[in-house]
Amino acid sequence: MSRRVPAEPDFGATQPSPDSRALEPHAGPAPVPRLEAVTAAGKGEDSPRSQPGCRDQGSLPAAPAPSVPAVPSETAPLCRRGDRRPAAERPSLDETALAFVDECREHLDDVESLLLRLEGGGSDRRGDLLSEGRPDDDRADDAAEATRRGLRALHSVKGAAGFLGLPDVSAALHLAESLMAAGGDLPVGETAAVLLDLIDVVRARLDEVVQGVACDTGPMAEVTARLEAAVRRAGPRPDRPAVGECLAEASGATGPHAAGRPRRRSTVGSDQTGRDATATSVSLAERGEEIPAGESGRLELTGLSAGDRPPARLERTVRVDLALLDRLMDLVGELVLTRNRLLRGAGSSRSGDLGRFDLLTADLQAAVVQTRLQPLSVAFATLPRLARDVGRATGKEIRLELVGGEVELDRAVLEAVRDPLVHLVRNAVDHGIEPRSERVAAGKDGVGVVTVRATQVARSVVVEVSDDGRGVDTDRVRSRAVEAGLWSPDLAAAASDAEVLSLVFVPGLSTAPVLTGVSGRGVGMDVVKSSVEEIGGSVEVRSVAGLGTTVSLRLPLTVVIVSTLVVAVGGERYVLPLGAVVEMVRASSGSPTIERIGPQAFLRHFDQLLPIVDLGAELGRGAVLTDDRDGVALVVMSAGASRVALAVDQVLDAEEIVVKPLHRGLRTTPLVSGATVLGDGRVALILNPAAVASVARVPPSDPRERPRRSPSARRGPRVVVVEARPGEQLALPLAEVEWLERVDPASLEVTGGRVLARLRGQAVPLVLSGGGGARPTGGPTGGLCDVVVVRTPGGPGISGVVVERIVDVTDRAEVVATGDGRPVVLVGGRVAALVSRDALVAAAGDDGGADGAERVPGAAK
Amino acid sequence: MTTPIRPGREPEAAVRSSGPSAVGPSTLAGRHGQVGGATVGGASGLPEDSGPGGAPGDVCTILVGPFLLAIDVRPIVEVHDLGEVTPVPGAAPTVVGLVNLRSAVVPVVDVRAWLGCREGRPADSIVLIVRSPSGPVGLLGDDIGGVVHLERPPERLPGALPEPLAGEARGLVETELGLAVWVDPVALFDELAR
């Protein structure tokens, strides 16, 4: 319902506001005046309570059941202060109660994660829970702290359940506390199993409360009985903390009635998920207080004096409604567009107020985008339990490794990736990992490992779900494709493994038990693909028979404001996500760079043949790729493993856009993923690179005609090869190049002894490389100068290095060491010295480039 | 240019409904819906789906070719010029395209084309912007007839409305411009966008 965003430090630096008091009646051992304020808030309104609860429990009880401890009469009013609407007009579950439910869910997540960790710790006795079977004192302390955290969380849920009018839940959680805290000889697996089942039942009950549906008390009664039996069998152990002690500590840490308090503000330190279990313990330590245990492990509010009041805490987070965040994002998006429009109108003059407005808008945009980011650990949270349950159900031992949970994504992306992750982990455990006997026979460890790893790569996040299972039997997939009539036998035989693996996304093709190793991946894999592609991501599968399978999801960081390339096709403008654009090429239709096999055109791109998608034809705007056309603009795009070239009329500009979803009822081609409003106010459609690539994926009917990539090509560093002066080649790492440009010398301007080029809305100083090499008639480029744009060494801006000719951009260069220690690369049989950006600029400068306006007579005139 | 329509305001062209009308489907053919001809087939009760809640209220009438449509004013946001339209590839033929309404991307459907009146569209066609559960949508018509306050719910449909109108008509409303066919704008949009 809401997420936490870091607040400015001064938000909570002073006393809580009266409103926050009304919402936080039990924040710490509160002083009497504060309680009075709370009482006033709770009782001062007409019909102050609208307790949610179960209809079959005497719905909406006026007060918590007597059996529920620590919920005094002045506990949180369920209706907000100032809400004067008659009870009948209020929502059945008001904001405060929903906050309780949110808190409960988070606490349950915490406990679940703790239990899974303890369960997976290798110990088999309940007595080892606190030490995880290791003599190491530090580890034992950690485990003890973890258990205490679990107890605090359970205690909080228990109190909240009382507040929500769920006495049976409170009672069961009380037993759970006892079971968790008591020493004893119960096996840890048994303890964890019953507690995990309890968590499931409580979650279901909370869902029922939120939905306002009648609840089924049967499962709770059943799990309560199991808990009672477990507590009886566990019994106390003298060498472990007693229940009362643990609960006292838990109570003290969270305040005597923390269980009845929604965590309106929580402290987020290193724990980015906002779980406050650690935060509360920190606050206890900070206070340095010893809270005496109450008789039954809880504290009575009346026993506290004003002296117990904690010092005002710095609250670092606030809860913000997601709708408000979305609205904020929309507004910032519009502001960005307005800014872009203003800047376009102002040309290159960005000084004064306009410059400040530009910077402020960029900062504001970054800050608002930040508020929407959530760590992937939020999506990871359900995976350990899932892996455990599926593993148990299939009789496999699984170790789930989660890496990169701290990587942050826009919440919309996170939501979109949740279900795909669940699908992938379930499939990996269910179908990827072999049974233990099979693994052992294959010489593998009996425990299967499923790894979910997230890494940020430039402006996208890659999440990989891999297993060390049996991998995909591509031969079986081939035969299945032939059986299903998808491929002819010839085509199946000629298809590469990557093409075969792409079939796992075809719905209904790969159904268990037909495909070994990947069986079942077809169930949901198409959903995984469509979910990821819907938000502009892509999916790729890699597999090695016998070693395992990796499904890789490439996701955008955010889906709201994205950088795009605007292209014109048939008089309309379309935008392509810039992240998917590899490069742009201009080619003549009759040139040798475009080849045709039947009706399909290919772009010869270095040593690859890329299928060309004629966007004009695909979008019904008239074919772009016609024989009578002099030149055609091609945009090379990547989508997962595949690359295609899109033929467009014109490449217009790079532009940041705000993504607007298309109306759900609107039928359109799958190539379109959304819309946006461009700077001039006109609507433009956003194209989905993966869908565009899929247009070109269809293999030609005769596999012998299919273009083949050079299998032997070894990838080296990606370099830009330039001819700095006639006959002398230099290679510059591509990572050091901002972009490549071809400029008309006539458009250059000379001022203050510098040659400036207007590139992409910026005035870029040019450095002329090579003695006299930069001529306005520039030889092979037909009168244009080739410019390599790089960051200015030691400066914040960019510079353009004019070269004789840009020869190639390649990752097929072979680096060769030379006797003088200065490396060279071999490209196409020729040698190019490998230089850094600084060396390139310096070399050009030595040639007198920066002030060599006279070398560009065309510009100087 | 935008003409806001405020739900609940005084009707501009209040016309009292006066019971079963003497009108037949063929008389809808007049641009301004001149009444005359046969009696509406025995309309005495109220159609159950005769608009939100079946209660009388304000309706807006739109002229589309020879037809007059009536739409509950409550979901209407505003009336807009068509302006620049971005075509949507692969869309239904009745989809005009997307327009920018204060940075919202609004799909517009062509009611005129749906009714088979492909010729003679006025240069100053209007787009009625209507709220839908999935965001605002636009219905392209010729002109706004007016806003009519109904003192009784729409009348039952005669049995022989021409297709495709019959499928979307919810009832008939009598206005000073003639009989108007009551339609649910969101359902109409969904039908045309599908």
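Letters go in sequence order (proteins before strands), and every chain restarts at 1.
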*Asks:* With a 4.5 angstrom heavy-atom cut-off, could you sort out which part of A:Arg621 is near chain B: side chain, backbone, both or neither?
*Replies:* side chain

*Asks:* Using a cut-off of under 4.5 Å on heavy-atom pairs, state which of A:Ala684, A:Gly620, A:Gly681 scores highest against chain B.
*Replies:* A:Gly681

*Asks:* Is it the side chain or the backbone of A:Leu671 that comes within 4.5 Å of chain B heavy atoms, both, or neither?
*Replies:* neither

*Asks:* How far apart are the closest heavy atoms of A:Leu685 and B:Pro89, and which atoms are they?
*Replies:* CD1-CD, 3.3 Å

*Asks:* Among B:Thr86, B:Val88, B:Asp190, which has the most heavy-atom pairs under 4.5 Å with chain A?
*Replies:* B:Thr86

*Asks:* Can you tell which part of B:Val109 gets under 4.5 Å to a heavy atom of chain A, answering side chain, backbone, both or neither?
*Replies:* neither

*Asks:* Which atoms of B:Val106 come close to chain A, meaning under 4.5 Å heavy atom to heavy atom: side chain ones, backbone ones, both, or neither?
*Replies:* neither

*Asks:* Considering all heavy atoms of both residues, which atom of B:Pro133 and which atom of A:Arg664 are nearest to each other, and what is their separation?
*Replies:* O-NH2, 4.4 Å

*Asks:* Does any backbone or side-chain atom of A:Val672 lie under 4.5 Å from a heavy atom of chain B? Answer side chain, backbone, both or neither.
*Replies:* side chain

*Asks:* Taking all non-hydrogen atoms of both residues into account, name the closest pair between B:Pro107 and A:His663 and its distance.
*Replies:* CG-CB, 3.6 Å

*Asks:* With the side chain counted from C-beta on, respond yes when A:Leu662 and B:Leu98 share a heavy-atom pair under 4.5 Å apart, and no when they do not.
*Replies:* yes

*Asks:* If we ignore hydrogens and angles and just use 3.5 Å, is the side chain of A:Thr668 paired with the main-chain N or O of B:Ala91 as donor and acceptor?
*Replies:* no

*Asks:* Give the minimum heavy-atom separation between B:Ala92 and A:Arg667, together with the two atoms involved.
*Replies:* CA-NH2, 3.2 Å

*Asks:* I'd like to know if the side chain of A:Arg682 and the backbone of B:Val99 have a donor-acceptor N/O pair within less than 3.5 Å.
*Replies:* no

